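Values in this document were obtained by computation on a predicted structure and should not be read as measured data.
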Amino acid sequence: MEINIINKFENHVLSRTELKFECEYQGEPTPTIIDVKSKLVALEDANKKLLVVDTVKPSYGVGKAIGFAKIYTSIEKLEEIETKSIIEKNKEPEKPAEEETTEEETAAEEPTEE
């Protein structure tokens, strides 16, 4: 996946930088918002918590998509301006906690020689 910034606009009224970008992903499935967000964070050297990807609109039959993202100056401004749905879809999926087994449980599972 390759991302090219088409337009970058400093919106001082809303305390954010607005990015219009093009995403090329020939031969791959359409990237998720989380994948695009990770790539934009690396490209723009931005804080992951302050960047939100608003939209990623794929083009039919072509491995390209056009998207819109915003980088806020503070977490307070982001929460004040963005809708809950945009914030929610930009959250990293929680990794399931691995079930920890105690030594007693492991010992009870192992067969003993008699």
Indicate whether the side chain of T32 and that of D35 have a donor and an acceptor atom separated by less than 3.5 Å.
yes
With distance as the sole criterion, is a donor-acceptor pair present between the side chains of Y72 and E82 under 3.5 Å?
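A pair is found: one side chain offers a donor N or O, the other an acceptor, under 3.5 Å apart.
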Are any of the side-chain heavy atoms of [X] and [Y] separated by less than 4.5 Å?
X: F21; Y: V53; answer: yes
X: I6; Y: N4; answer: no
X: E92; Y: K48; answer: yes
X: K20; Y: I66; answer: yes
X: E10; Y: H12; answer: yes
X: V36; Y: M1; answer: yes

Looking at N90 and I34, what are the two nearest heavy atoms and their distance?
O-CD1, 3.7 Å
Do S59 side-chain atoms and V62 backbone N/O form a donor-acceptor pair below 3.5 Å?
no
Rounded to the nearest 0.5 Å, how far does OG of S15 lie from CG of L50?
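Atom-to-atom, L50:CG and S15:OG are 11.5 Å apart.
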Should F68 and I81 be counted in the same cluster of Ile, Leu, Val, Met, Phe, Trp and Tyr side chains packed under 4.5 Å apart?
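F68 and I81: separate clusters.
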Please walk me through it: do K8 and E44 pass salt bridge (charged side-chain N to carboxylate O under 4.0 Å, His left out)?
CA-CA 11 Å; K8 190 174 187 178; E44 292 296 311; 2.7 Å; yes
Between L40, L51, V41, N47, which is the residue that forms a side-chain contact (heavy atoms from CB on, under 4.5 Å) with I71?
L51
